[in-house]
Structures are given as structure tokens and as C-alpha cells.
Amino acid sequence: MEKYRKYSDPESKNALANLISSEPNETLGTNPPGNVYAINDTLSAEGAADDYETCLKHLVQTGVIDKSSVSGFPKFDLMLVGMGPDGHVASLFPGHPLLKENQKWVTHIKDSPKPPPERITFTFPVINSSAYIALVVCGAGKASVVQTALGKNQNSEVFPVQMVSPDGELKWFLDKDAASKLENFVDAVVGRRWETPGGTVAGGGVNGRSSHNHIGRKTKTLERKDSKVESVRMVLVVFSGLNEREKRVDGGKGFDCERLREFKVAMKCILKYIEGGGKGEGSLEVFVSDGEIDCERIHRLVLREIRRLEDGLPIYADRQQILETIRSKQLYLSAYGIHSTKVSK
Ligand SMILES: O=C1O[C@H](COP(=O)(O)O)[C@@H](O)[C@H](O)[C@H]1O
């Protein structure tokens, strides 16, 4: 959770949740508005936090959200958590008394060190009761805290991010810049990227220059094509090029293979969509079919997948698992709607 802003404010994450719920989304389709539990921006920050906690309690009582048998707090299936350069998570800042809150589910802050000062936030007991937390951290400004949190050196003051310790699974997702101060951890933690034309490799270990250029050439060719036949052909070429490449990657381990696997799932979906004349019944795991073959869309989807394979976040490799969780649960937009609202008053 974070800043408390009016929905009309572009920084409001409630506004983002509402946008997601009303606009058809390439991957998720249209989310039913009833699945979004937004913060009441007509109340004060304190009132909104209490109101939100009441809403959450109702959802637990009615069985929409599980209750943790360990802590008694609500247990979210999936929580997407970011981190600030000072190591804060949600709106729980270093040294702030809210770090110790152990009764409330949702609380407010009026003196946030990062603007805006008024925010509402989940407390640590709620965050740490989650079944799965994806901690997504990007940017060089966060590299020092990442180094401290994941490295071997002890720090005297514990960063809030170091207090993220769920009953379930915790997975860090770092981009290259956020991971730049890690040494031995790089291979283990960071998704390996293919060598870029400039020669930069994160994670290393993959002899990827020729493959990168191969894909790059195909991308350029693809950009010039827009007929149905060419779209199909290019999907197949990219797909078979990757099969070849996969044989050279390190024995099926590491992020490269996981990302390739996710990419291949996407390519299969696109092929089924094409072969089924736009009606890929039950087969469109990574995008939603609207019934008609749309070449522009195929083109855009293939480019999107290539971009994610080559330069996307490591979380790309976990898309199937995340989508499965999202689709099988009734409540799933907490990361946007609950986790973060921003209202300026
Ligand atoms: O203020 C906040 O910042 C952190 C980090 O944001 P990012 O845009 O740099 O990733 C965010 O995770 C948190 O929810 C928010 O309160």
C-alpha cells in the first residue's frame, strides 16, 4: 500500500485497478469489477484504513479470502510487493513504529518520509501470512539495499524488506541494475539475459550472441510483414529457432530455459489461435481470443513475447504459475487495489 490519492490522480493505484477491471487486457481479459476492492477515497486516511480492514474481515468471514491457520491473519494467495531505495515495502518505512504493528490488518501513516505523507498500508502480519510473495525490484538506486538484504554482510538496522518473511514462498525478481552489486548471487537470483549487441550479459553462462542476432533479424523481418501467411511462417521460424537454441543452454536449468519454456507456451497459443481460425478453444493460456484472426494482433503478440524473452523481467518465467493462481481465485487484484492507494487531500 502506499500513497493516499484521489482516484482521478494518475498516481492512484486504485485508478490503475479500475482501469484494469474495465479495460480488456491482452492477457487476463476483462476483470469483473466485483473482483476489485478499492480504497474509499472519500474518507480520511485513518477512516479509509479502518474501512478497508472491515472489508477484508468480511471477505475472510465469507470465505473469499483464506485465513492463515498459523497467524489468524488473512492469507492472500499472491502478493506483488515492490521496494523503495530506502528498503521500504508497502508503506512500511525504516525505523517507523508501524513496523511493529501486530494487531491491525490495515493501517495508515501520516508522516511518510516519501511523499505523499498520507498513506494506507497492509501491516507485516498480513503481508507475511501470504501464500506467495513476488518481491519485484528494479533500478540501480536499489542495488545497495538488495546487496545488504541478500548478501552475507550483516547490517545494524534491519530494512523493512528484510522483514518480508511469508508463511508461504518468497521469490525475488531483480533486474540487472538492482542486482548489480550482487556477486555470487547473480547466477542464482537474477534471470540471465542474452548477450546484447553491446556485449552486456547479466548472469552469464550462455553463449547467446548468434542466437540473439538470429532473433533480432527475425524480429526485424517480422516487423515488415503483416499478412496472415507471413505471421504464421514467422511464428514457426521463431519457434524452431528457439528449439535449436535450447539444446545449447545449460542442461535445462536456469532462467533461460524457464523463459524459453514460457515463450514456447506463448508461441503454441498463438499457433492454435491461427490454426483454429481465431477460435483456439481453451488453448489461449497467455492471451484472450476475440474470435477473429487479427494479423496486427499476432504480430504485436509475437513481438511482445520476443521482447519479454530477451529483455523482460525474470518473472516472465513464472507467468503460467501466476496466471493459474489468478484465474483459479476469486480475489486477485489486491496488489493494485489494496496494496496501494494514493489520495491527496
Ligand atoms: O512508495 C512506494 O515505493 C515503493 C517502490 O516503488 P517503485 O515504483 O520504485 O517500485 C513501492 O513498492 C511501494 O508500494 C510504495 O509505497
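Atoms within a ligand are numbered from 1 in the order they appear, just like the ligands themselves. Note that these values count all heavy atoms, side chains included, but never hydrogens, waters or copies made by symmetry. Computed from a prediction, not measured in an experiment: that's the story for all the values here.
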Worksheet, complete the sentence: So for His88 against ligand 1, with non-hydrogen atoms under 4.0 Å, the contacting part is side chain
Fill in: Residues Asp318 and Lys171 bridged, charged N to O under 4.0 Å
yes
Worksheet item: Sequence neighbours excluded, which residues qualify as side-chain hydrogen bond (donor to acceptor under 3.5 Å, both in side chains) partners of Asp177?
Response: none
Worksheet item: Mind checking whether Phe93 has an N or O less than 3.5 Å away from an N or O of ligand 1?
Response: no
Discussion item. Which residue is it: Glu262, Arg308, Glu305? I am looking for the one with a side-chain hydrogen bond (donor to acceptor under 3.5 Å, both in side chains) to Tyr316.
Written reply: Glu305
Fill in: Enumerated ligand 1 atoms positioned under 4.0 Å from heavy atoms of Lys142
5 (C), 7 (P), 9 (O), 10 (O)
Discussion item. Out of all atoms in ligand 1, which are within 4.0 Å of some heavy atom of Gly82? Include the element for each.
Written reply: 12 (O)
Practice prompt. For Asp50, check side chain to side chain contact (heavy atoms under 4.5 Å, CB included) against everything at least two apart and list the hits.
Written response: Glu46
Fill in: Heavy atoms of other groups near Lys57 NZ, more than 12 under 6.0 Å
yes
Practice prompt. Can you sort out which atoms of ligand 1 are near Gly84, meaning under 4.0 Å from one of its heavy atoms?
Written response: 4 (C), 5 (C)
Discussion item. Need the ligand 1 atom indices (1-based, order shown) with element for anything under 4.0 Å from a heavy-atom of Ser91.
Written reply: 16 (O)
Worksheet item: Counting heavy atoms only, which part of Ala90 comes closer than 4.0 Å to ligand 1: side chain, backbone, both or neither?
Response: backbone
